[in-house]
> 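Dropping a structure here in structure tokens format, bear with me for questions.
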Amino acid sequence: ADGANSKRLTGLGDFGLTYLNLDGPNSDDVNVYQGSGSALWTWPGQWNVQGDYSFGSYRFDGPNTVDMLKLGGAVFWRDVTDFALGGQLHYQSLDVGVENDGVALSAFGEKYWDEATLAGYIAHSSFDGPAFDIDGWQLGARGTYYADPTLAWKLGIGYGNWDDDGDDIDSWDFSGEVEYLIPDCAASIYGGLGFGSLHPDSTDETDTFRIGAGFRIHFGTQGSLRDRNRAEPVVGALKTEFTF
């Protein structure tokens with residue numbers, strides 16, 4: 001949390017592999033390769049500007065592959081001893097053999113206590129192209145508890161409502177994650193799992209289960225995992241997750 005009132009550059013890199021199971025009318029097993037990189041510029045007065053790039057590649061059991069990317073950033077105000085408030089804007093692309101372009105816009109806030117953080121967001125996301133005409137609203141919350149300087153437990157819940165060319169889709173998701181900062185190192189490892197559902201009006205419900213792991217690299221920060229998290233780029237409210 002040092003240097004909150006000085007100009008500085010920090011960064012965050014992330015790469016993970018997730019197994020995703022879909023149980024419903026179109027049941028399938030999916031291997032998901034995900035990665036992201038963010039750079040954050042912090043100015044005196046606690047204002048921050050962030051740039052992001054992220055991708056997700058969904059490899060289904062059959063010949064199908066879905067690729068998704070996001071490119072954009074965030075502007076926010078953050079007092080590392082109290083709270084953060086800001087917004088994010090990203091261009092996004094969903095490639096299912098043909099490319100479908102869209103925009104993701106979100107507002108978020110984070111509240112800080114000594115050993116815990118509570119975050120929430122509300123967002124709008126859309127894709128428009130030859131294969132999809134989808135838009136919807138999402139909201140969610142995430143809590144983090146720092147058990148010690150190197151260990152964090154995270155729980156999150158999210159809800160979304162989508163319009164897929166006239167078909168109304170409700171989605172919800174519950175997730176958990178544990179992250180461990182390797183001592184005397186700028187890298188951490190994490191593992192997590194999640195449960196959820198997709199419920200279109202036109203078909204039966206699909207249940208989802210995922211489990212995954214990965215690593216993060218924290219650039220330009222020092223100290224405990226909590227201090228690094230509160231000085232580096234914020235995690236995007238909308239990740240590259242195929243949730244509709």
Side-chain angles (χ1 to χ4, degrees), residues 13-37 52-72 90-104 106 123-138 140 154 156-177 189-216 235-244:
D14 189 315
F15 182 79
L17 173 62
T18 297
Y19 164 76
L20 173 65
N21 174 260
L22 305 176
D23 184 11
N26 297 301
S27 297
D28 213 335
D29 295 318
V30 191
N31 290 317
V32 186
Y33 301 87
Q34 293 174 296
S36 65
D52 304 310
Y53 172 81
S54 61
F55 73 88
S57 183
Y58 294 72
R59 310 295 178 89
F60 291 78
D61 268 353
N64 296 330
T65 298
V66 174
D67 293 319
M68 186 173 176
L69 68 85
K70 298 170 78 74
L71 180 65
H90 292 87
Y91 159 80
Q92 54 188 7
S93 173
L94 187 63
D95 188 346
V96 294
V98 292
E99 191 169 312
N100 304 268
D101 299 320
V103 174
S106 64
H124 182 266
S125 182
S126 66
F127 291 96
D128 187 12
F132 290 106
D133 182 10
I134 299 174
D135 64 88
W137 289 91
Q138 306 85 47
K154 305 176 184 182
I157 188 169
Y159 168 78
N161 179 261
W162 302 87
D163 179 14
D164 180 9
D165 198 19
D167 188 12
D168 189 67
I169 304 173
D170 288 317
S171 67
W172 68 266
D173 181 81
F174 179 79
S175 62
E177 180 185 290
I189 56 175
Y190 65 89
L193 53 83
F195 304 90
S197 73
L198 306 171
H199 194 180
D201 280 347
S202 59
T203 61
D204 291 335
E205 184 175 2
T206 296
D207 294 322
T208 64
F209 167 77
R210 68 179 184 273
I211 184 170
F215 66 90
R216 297 186 176 109
V235 177
L238 295 174
K239 297 183 179 180
T240 50
E241 294 180 350
F242 192 50
T243 56
F244 41 79

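These numbers come from a predicted model, not from an experiment.
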> Can you tell me how far CZ of Arg59 sits from CG of Asn31, rounded to the nearest 0.5 angstrom?
9.0 Å
> For Ser202, is there any backbone N or O sitting under 3.5 Å from a side-chain donor or acceptor partner on Asp167?
yes
> Measuring from atom CG of Asp133 to atom CG of Asp135, what distance do you get when rounded to the nearest 0.5 angstrom?
7.0 Å
> Which pair of non-hydrogen atoms, one from Tyr190 and one from Phe215, has the smallest distance, and what is that distance?
CE2-N, 3.5 Å
> Test Leu22 against Ser27 for side chain to side chain contact (heavy atoms under 4.5 Å, CB included), laying out the working first.
CA-CA 5 Å; Leu22 305 176; Ser27 297; 5.6 Å; no
> Quick one: CD1 on Ile211 to OH on Tyr19, what's the gap to the nearest 0.5 Å?
10.0 Å
> Side chains of Tyr58 and Asp67: does their closest heavy-atom pair fall under 4.5 Å?
no
> Do any N or O atoms from the side chain of Asn100 and from the backbone of Leu94 form a donor-acceptor pair under 3.5 angstrom?
yes
> First locate atom CG of Asn64, then atom CG of Asn26, and finally report the distance between them rounded to the nearest 0.5 Å.
10.0 Å
> With side chains defined as the heavy atoms from C-beta onward, is the minimum distance between Gln34 and Thr18 less than 4.5 Å?
yes
> Taking only residues two or more places apart in sequence or in another chain, which ones pass ring-ring contact (aromatic ring centres under 6.0 Å, His included) with Trp172?
none
> Is Gln138 reaching over with its side chain to a backbone N or O of Gly136, donor-acceptor style, under 3.5 angstrom?
yes
> Taking all atoms of both residues into account, what is the closest heavy-atom pair of Pro130 and Val98, and its distance?
CB-CG2, 4.0 Å
> Is there a side-chain contact between Ser93 and Asp101 (heavy atoms, below 4.5 Å)?
yes
> List the atom of Gln92, the atom of Ala104, and the distance in Å for their closest heavy-atom pair.
OE1-CB, 3.7 Å
> Could you tell me which non-hydrogen atom of Asp52 sits nearest to which non-hydrogen atom of Leu71, and how far apart they are?
O-CD1, 3.4 Å
> Could you work out, with ring-ring contact (aromatic ring centres under 6.0 Å, His included) as the rule, every residue matching Tyr159, not counting sequence neighbours?
none
> Quick one: are Thr65 and Ser57 in side-chain contact, heavy atoms under 4.5 Å?
yes
> Going from OG on Ser175 to NZ on Lys154, what distance comes out if it is rounded to the nearest 0.5 angstrom?
10.5 Å
> Between atom CG of Asp23 and atom CD of Glu205, what is the distance when rounded to the nearest 0.5 Å?
10.0 Å
> At their closest point, which heavy atom of Gly16 faces which heavy atom of Asp14, and how far apart are they?
N-OD1, 4.1 Å
> Would you check, one step at a time, whether the test side chain to side chain contact (heavy atoms under 4.5 Å, CB included) holds for Asp168 with Trp162?
CA-CA 6 Å; Asp168 189 67; Trp162 302 87; over 6 Å; no
> Do you know which of Asp173, Leu193, Val30 makes side-chain contact (heavy atoms from CB on, under 4.5 Å) with Arg210?
Asp173
